[in-house]
Novice: 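Structure incoming, see below.
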Amino acid sequence: MADWHPTAYRTHTLGEIQDRGADLVGTEVTVCGFMEANRGKGAICFVDLRDGTGKLQVFLKGDTIGEEQLDLVQRMTRESTLQFTGTVAQKRPPKVKEGETPPPPSYEVVATDVHVLTRANVPLPLGITDTVSIGLDTRLDNRFLDLRRAHVNAMFTLRARVLQYGREHLITEGFKEINTPKIIASASEGGTNLFPMMYFDTPAFLSQSPQLYKQLAILGGMERVFEIGPAFRAENHDTYRHLNEFISFDIEAAWMTDEDVMGVQERMIHHIWKCVAENDQEQIETINAYRESQELEPISVEVPSLPFPRIDYCEAIQMIQDAGEEIQWGDDIDSSHCDIIAAKYPGFHFLPRWPMEMKPFYIHHVKGENGVTGEQLSRGFDLNYGRDEMTSGGQREHNVDVLEDNLRSKGLNPEDFDFYTDGFRFGAPPHAGWGLGVARLLMVLTGSRNVRETVLFPRDRHRVTP
RNA sequence: GCCCGCUUGGUGUAGAGGUUAUCAUGCAGGAUUGUCAUUCCUGCGACCCGGGUUCAAUUCCCGGAGCGGGCGCCA
């Protein structure tokens with residue numbers, strides 16, 4: 001539990017009064033919040049007040065607070081912010097039908113004073129507690145209101161938890177958090193399109209990945225590093241799982257192989273899922289309450305068992321061929337093919353040992369480690385959940401001569417990468433790492449079918465505001 | 001970028017070549033109530049843009065824009 005110190009505006013949070021109400025009965029408190037609803041039109045009035053820690057009922061009575069203030073609150077609009085002073089009391093229990101068990105005692109504040117901090121306009125662009133479903137576009141245009149909805153708030157609370165647990169785990173395995181530049185000069189490492197920009201008088205780009213820089217940190221003897229930061233890709237993709245700016249959770253570690261960092265990853269995901277299952281059921285229940293209202297299946301946090309299955313590339317191709325699909329060794333495994341694999345392995349699973357041909361220049365290969373057709377395999381891997389790719393990773397090439405050969409064979413000019421390859425000329429540890437899409441992991445955890453749900457202010461092809 | 005679909009009050013929807021354009025939610029007013037998704041009554045509020053067909057288009061046709069789904073692209 002956090003320490004919610006009193007502030008200039010409030011003595012207690014609403015969550016505190018909910019949780020410790022019994023100890024606070026009779027105490028004078030000042031609380032603040034958004035007015036979610038008010039009920040009653042006569043000589044009394046009930047206000048549902050909400051802050052970032054919970055909800056609480058405030059009870060107003062004409063002869064306690066005065067007719068004028070009672071009227072003011074009764075006329076106040078939903079989502080206005082109010083400050084109440086009053087006394088904590090136990091709520092009168094609701095009437096229950098014969099045979100039903102009464103709910104546990106709950107608490108309220110009997111108001112003696114009120115201040116309107118801000119009055120909300122009407123109508124709201126979207127209702128916080130309304131039962132109608134709301135289109136994603138409307139929600140994203142009004143994210144500040146969308147976030148006030150309980151299940152949306154729960155998703156972003158979970159997002160913060162996932163990052164926290166992930167960090168925690170890596171730190172226990174000796175990793176240190178780093179930050180790498182997001183403005184880069186080198187044209188490209190191949191593959192994806194970059195967003196160009198001007199860095200004073202020099203053409204530059206927004207970084208597509210911390211890849212080369214986290215490797216430089218390893219070459220610098222940092223041993224084990226991680227970074228949680230943005231990556232930018234100027235691709236014209238338009239799908240439920242792609243964004244043009246996204247948060248990448250990256251690690252890099254010395255003296256490790258592809259198999260070693262797969263181990264780090266599965267232990268980290270296991271830790272995250274275990275902690276969420278133990279600590280954050282409240283958020284899951286909030287999401288499920290919403291899902292039930294929308295007639296969606298509830299979600300549950302099933303801690304995956306270790307180790308995750310490993311289906312190497314050759315085996316995956318075989319599996320897809322056995323399902324009757326036209327696919328050859330050397331082809332990419334696309335979404336429909338992933339459905340075939342996911343039918344057998346619905347949860348997290350690794351896809352290691354891709355053809356070297358298909359992997360970037362910095363991926364390591366063991367000479368002569370060949371696939372069924374005799375082509376060179378690489379030490380690159382993916383992590384999928386169902387049909388969706390979560391991670392791409394691998395052991396890196398640490399021999400500078402091989403690295404430069406790889407660059408040339410990919411049609412790149414080694415001289416453009418001197419800032420990187422120079423790091424390998426003065427002793428280089430074998431190392432490996434991966435990059436994990438945080439939003440995609442959250443999709444799995446929260447049952448979201450669109451990555452935009454799990455990103456506060458998503459940037460896609462059609463959206464740069466808000 | 002390709003294929004398919006959609007666009008109706010603030011929000012989410014129903015629907016038809018001529019309607020008083022449906023329902024829910026919301027909002028406003030009133031009655032009731034230690035209420036708690038309050039209840040009840042009354043009212044308010046909408047057919048994406050441009051062109052065409054037609055006596056008549058929000059409805060049909062064409063184009064545009066926006067959105068959604070699938071795909072492609074994507075270390």
Side-chain angles (χ1 to χ4, degrees), chain A residues 36-49 55-61 74-75 77-79 89-96 103 106 108 110 120-142 145-146 149-150 188-194 207-212 214-215 231-244 246 248 250 289 293-294 332 334-336 339 354 356-363 378 380-382 387 389 391-394 396 406 410 412 433-437 449-450 452 460-463:
Chain A
E36 197 164 277
N38 60 359
R39 288 180 294 277
K41 292 283 180 189
I44 58 169
C45 175
F46 305 94
V47 169
D48 290 340
L49 203 63
K55 292 182 192 181
L56 195 78
Q57 174 167 287
V58 180
F59 180 52
L60 291 83
K61 226 171 167 174
Q74 285 177 339
R75 291 175 175 284
T77 53
R78 295 197 298 172
E79 296 304 310
Q90 187 170 336
K91 271 170 80 171
R92 292 198 191 171
K95 296 175 200 117
V96 290
S106 57
E108 66 183 5
V110 180
N121 286 354
V122 286
L124 298 169
L126 57 90
I128 308 307
T129 54
D130 296 1
T131 47
V132 293
S133 72
I134 305 164
L136 185 58
D137 215 39
T138 305
R139 295 175 48 199
L140 293 177
D141 284 341
N142 300 280
L145 281 175
D146 185 46
R149 305 202 297 159
S188 177
E189 303 144 30
T192 199
N193 294 315
L194 305 187
S207 168
Q208 60 177 306
S209 154
Q211 182 59 39
L212 305 184
K214 63 182 182 173
Q215 285 189 258
F232 305 90
R233 300 196 184 172
E235 296 294 337
N236 280 330
H237 38 45
D238 199 2
T239 78
Y240 68 90
R241 60 186 185 278
H242 287 96
L243 292 174
N244 296 293
F246 62 94
S248 180
D250 273 84
S293 77
Q294 302 298 306
D332 201 0
D334 65 31
S335 298
S336 66
D339 288 333
W354 288 65
M356 188 57 201
E357 186 71 16
M358 299 172 65
K359 285 289 168 188
F361 73 90
Y362 51 77
I363 291 289
S378 77
F381 67 87
D382 285 354
R387 78 193 312 248
E389 184 182 328
T391 294
S392 164
R396 319 307 186 185
N406 287 351
K410 302 279 177 191
L412 297 166
W434 41 255
L436 166 70
R449 283 184 303 176
N450 193 315
R452 291 160 183 79
D460 64 31
R461 194 168 154 200
H462 305 291
R463 184 178 281 280

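Predicted model, so just to flag it, every value in this text is computed and none were measured. Order of the sequence lines fixes the chain letters, A, B, ..., with proteins taken first and strands second; residue numbering starts at 1 for each chain.
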Novice: Please enumerate all residues that pass side-chain hydrogen bond (donor to acceptor under 3.5 Å, both in side chains) together with Glu389(A), with sequence neighbours excluded.
Specialist: none
Novice: Which protein N or O atoms sit under 3.5 Å from an N or O of nucleotides 3-8 of chain B?
Specialist:
none

Novice: What residues in residues 120-128 of chain A put a non-hydrogen atom under 4.0 Å from any atom of RNA chain B?
Specialist: Pro123(A), Leu124(A), Pro125(A)
Novice: Considering residues at least two apart in sequence or located in another chain, which fulfil the ring pair (Phe, Tyr, Trp, His ring centres under 6.0 Å) criterion with Trp434(A)?
Specialist: none
Novice: Just how far, in rounded Å, is P of G68(B) from CZ of Arg463(A)?
Specialist: 8 Å
Novice: Under 4.0 Å between a side-chain nitrogen and a carboxylate oxygen: does that hold for Asp130(A) and Arg149(A)?
Specialist: no
Novice: Given C2(B), is OP1 or OP2 found less than 4.0 Å from the side-chain N or O atoms of Asn236(A)?
Specialist: no
Novice: Stem ranges for RNA chain B, with three or more consecutive Watson-Crick or G-U pairs under 3.5 Å?
Specialist: B:1-7 with B:65-71, B:10-12 with B:23-25, B:26-31 with B:39-44, B:48-52 with B:60-64
Novice: Tell me whether the side-chain N or O atoms of Arg461(A) pair up with the base of G1(B) as donor and acceptor below 3.5 Å, since no angle test is needed here.
Specialist: yes
Novice: Is any side-chain N of the basic residue among Glu36(A) and Arg78(A) closer than 4.0 Å to the acidic one's carboxylate O?
Specialist: no
Novice: Mind calculating the distance between CG (Leu49(A)) and C1' (C36(B)) to the nearest angstrom?
Specialist: 14 Å
Novice: Are the side chains of Ser392(A) and Lys359(A) in touch, meaning some heavy atoms are under 4.5 Å apart?
Specialist: yes
Novice: Between the base of C73(B) and the side chain of His237(A), is there any donor-acceptor pair under 3.5 Å?
Specialist: no
Novice: Could you state the interatomic distance from CZ (Arg387(A)) to CZ (Arg241(A)), rounded to the nearest 0.5 Å?
Specialist: 6.0 Å
Novice: Would you please name every residue forming a side-chain hydrogen bond (donor to acceptor under 3.5 Å, both in side chains) with Thr77(A), sequence neighbours left out?
Specialist: Ser80(A)
Novice: Pick the closest RNA chain B nucleotide for Thr77(A) and for Arg233(A) by heavy atoms, then say which residue is nearer the 5' end.
Specialist: Thr77(A)
Novice: Heavy atoms, side chains only, cut-off 4.5 Å: are Glu79(A) and Leu124(A) in contact?
Specialist: yes
Novice: Counting only side-chain nitrogens and oxygens, does Thr129(A) get under 4.0 Å of the OP1 or OP2 atom of A37(B)?
Specialist: no
Novice: Please determine whether a side-chain nitrogen of the Lys or Arg among Asp460(A) and Arg463(A) lies less than 4.0 Å from a carboxylate oxygen of the Asp or Glu.
Specialist: no
Novice: Mind checking the CD-CG spacing from Glu108(A) to Leu60(A)? Nearest 0.5 Å is all I need.
Specialist: 10.0 Å
Novice: Is there a side-chain contact between Arg92(A) and the phosphate of U33(B), meaning an N or O under 4.0 Å from OP1 or OP2?
Specialist: no
Novice: Any non-hydrogen side-chain atom of Gln208(A) less than 4.5 Å from a side-chain atom of Glu235(A)?
Specialist: no
Novice: Would you kindly check whether a donor in the side chain of Glu235(A) faces an acceptor in the base of G1(B), or vice versa, at under 3.5 angstrom?
Specialist: no
